[in-house]
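The block underneath contains the structure these notes are about, expressed in structure tokens.
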Amino acid sequence: MKLTRNFYIRSGLVVARELIGKKLVSCSEEGITAGIIIETEAYMGAEDAASHSYKNRRTARTESMFSEGGHLYVYLIYGMYLCANVVANVRDIPEAVLIRALQPTDGIELMQNRRQKKSLKDLCSGPGKLTQALGISKKDYDLDLCDDKIFIEETNLKPTIITTKRINIDYSGEAADYPWRFLMQN
DNA sequence: GACATGATGCTCT
DNA sequence: GAGCATCATGTCT
């Protein structure tokens, strides 16, 4: 069962927590790749100094965060890696959830080809890695997760969730200490 | 394993 | 022109 719009039209914190244990699916000409989401971070728009949309900063790059919940915000980081985020909340509330790690389930061989035959553990164990493994590119910027190319499915998992501080946002002052990172316990 | 470092390009001031 | 929501690789143990 694909998640519908209602799932995404909620606070980024709720969406980030509930995405843990769900299945992210990417369809391409090469085949289907998918994995269970095991790590996310919430970025809470205007109020969050770590967010690209802090103080409602709205530019060509951040525009997708202002879309209706359920869109895909893709951006380039450190000149070489892409990060994939799920936009949350209603239009003009710029919240998003960074997908930080997956547990590969489908299309593992295709992921290995895209990632040049890394071990299963290294295929999707970071935000820059999973975009490569799933074949996500800048063309997928602002793509709608309610369509059929990239989407998220319900599972029957009942994960135990751990909450910690977010990663690599030391520049953001006290926002760096907010417990807005969610992990599935092994 | 734990750390340090370099690669690299786009965005915003 | 600075800085960035990262990763792979190297060195040292």
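We name chains A, B, ... by the order of the sequence lines, and we start the count at 1 in each one.
In this structure, the OH atom of Y75(A) is 14 Å from the C1' atom of dG3(C), given to the nearest Å. For R181(A) and dT6(C), the CZ to C1' distance is 14 Å, given to the nearest whole Å. To the nearest angstrom, P of dC12(B) lies 13 Å from CZ of R58(A). The separation between R57(A) atom CZ and dG3(C) atom P is 14 Å, rounded to whole Å. Going from atom CD1 of I99(A) over to atom P of dT6(C) covers 14 Å, rounded to whole Å. Distance I167(A) CD1 to dC7(C) P: 11 Å, rounded to the nearest Å. Computed from coordinates, the L123(A) CG to dC7(C) C1' distance equals 14 Å when rounded to whole Å. At whole-Å resolution of the value, CG in N85(A) and C1' in dT6(C) are 14 Å apart.
Residues passing the ring pair (Phe, Tyr, Trp, His ring centres under 6.0 Å) test with Y178(A), sequence neighbours excluded: W180(A). For R57(A), there are no salt bridge (Lys or Arg N to Asp or Glu O under 4.0 Å) partners two or more places apart in sequence or in a different chain. Taking D170(A) as the reference, nothing meets the salt bridge (Lys or Arg N to Asp or Glu O under 4.0 Å) condition, with sequence neighbours excluded. For N156(A), there are no side-chain hydrogen bond (donor to acceptor under 3.5 Å, both in side chains) partners two or more places apart in sequence or in a different chain. Looking at residues two or more places apart in sequence or on another chain, you find a side-chain hydrogen bond (donor to acceptor under 3.5 Å, both in side chains) between S64(A) and D142(A). Among residues two or more places apart in sequence or in another chain, the salt bridge (Lys or Arg N to Asp or Glu O under 4.0 Å) test is passed with E47(A) by none.
Taking Ile, Leu, Val, Met, Phe, Trp and Tyr as members and joining any whose side-chain heavy atoms lie under 4.5 Å apart, directly or through other members, the hydrophobic cluster of I162(A) also contains L183(A).
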Show me the protein contacts with nucleotides 8-11 of chain C, counting only N or O atoms at under 3.5 Å.
| from | atom 1 | to | atom 2 | distance (Å) |
| --- | --- | --- | --- | --- |
| dA8(C) | OP1 | R115(A) | NH1 | 3.1 |
| dA8(C) | OP1 | R115(A) | NH2 | 2.9 |

Using the 3.5 Å cut-off, write out each protein N or O paired with an N or O of nucleotides 9-11 of chain B and the distance between them.
| from | atom 1 | to | atom 2 | distance (Å) |
| --- | --- | --- | --- | --- |
| dG9(B) | O4' | G79(A) | O | 3.2 |

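When each of R114(A), K118(A), R115(A) is checked for a side-chain hydrogen bond (donor to acceptor under 3.5 Å, both in side chains) with Q132(A), only R115(A) meets the rule.
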Using a 3.5 Å cut-off and no angle test, enumerate the donor-acceptor pairs between side-chain atoms of residues 12-22 of chain A and protein atoms at least two apart in sequence or in another chain.
| from | atom 1 | to | atom 2 | distance (Å) |
| --- | --- | --- | --- | --- |
| R17(A) | NH2 | T163(A) | OG1 | 3.4 |
| E18(A) | OE1 | R10(A) | NH1 | 3.4 |
| E18(A) | OE1 | R10(A) | NH2 | 3.0 |
| K22(A) | NZ | E18(A) | O | 3.0 |

Show me the donor-acceptor pairs, under 3.5 Å and distance only, between side chains in residues 86-94 of chain A and residues at least two apart or in other chains.
| from | atom 1 | to | atom 2 | distance (Å) |
| --- | --- | --- | --- | --- |
| N89(A) | ND2 | E95(A) | OE1 | 3.1 |
| D92(A) | OD1 | R58(A) | NH1 | 3.3 |

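Listed pair N168(A) / dT6(C) meets the phosphate criterion, a side-chain N or O lying under 4.0 Å from OP1 or OP2. Distances shorter than 4.0 Å separate some side-chain N or O of Y171(A) from OP1 or OP2 on dA5(C). The side chain of R100(A) contributes an N or O atom lying less than 4.0 Å from OP1 or OP2 of dT6(C).
A donor-acceptor pair under 3.5 Å links the side-chain atoms of T105(A) to the main chain of A34(A), judged by distance alone.
Secondary-structure annotation of DNA chain B gives the stems B:1-7 with C:6-12, B:9-12 with C:1-4, with a stem taken as at least 3 successive Watson-Crick or G-U pairs whose two distances both fall under 3.5 Å.
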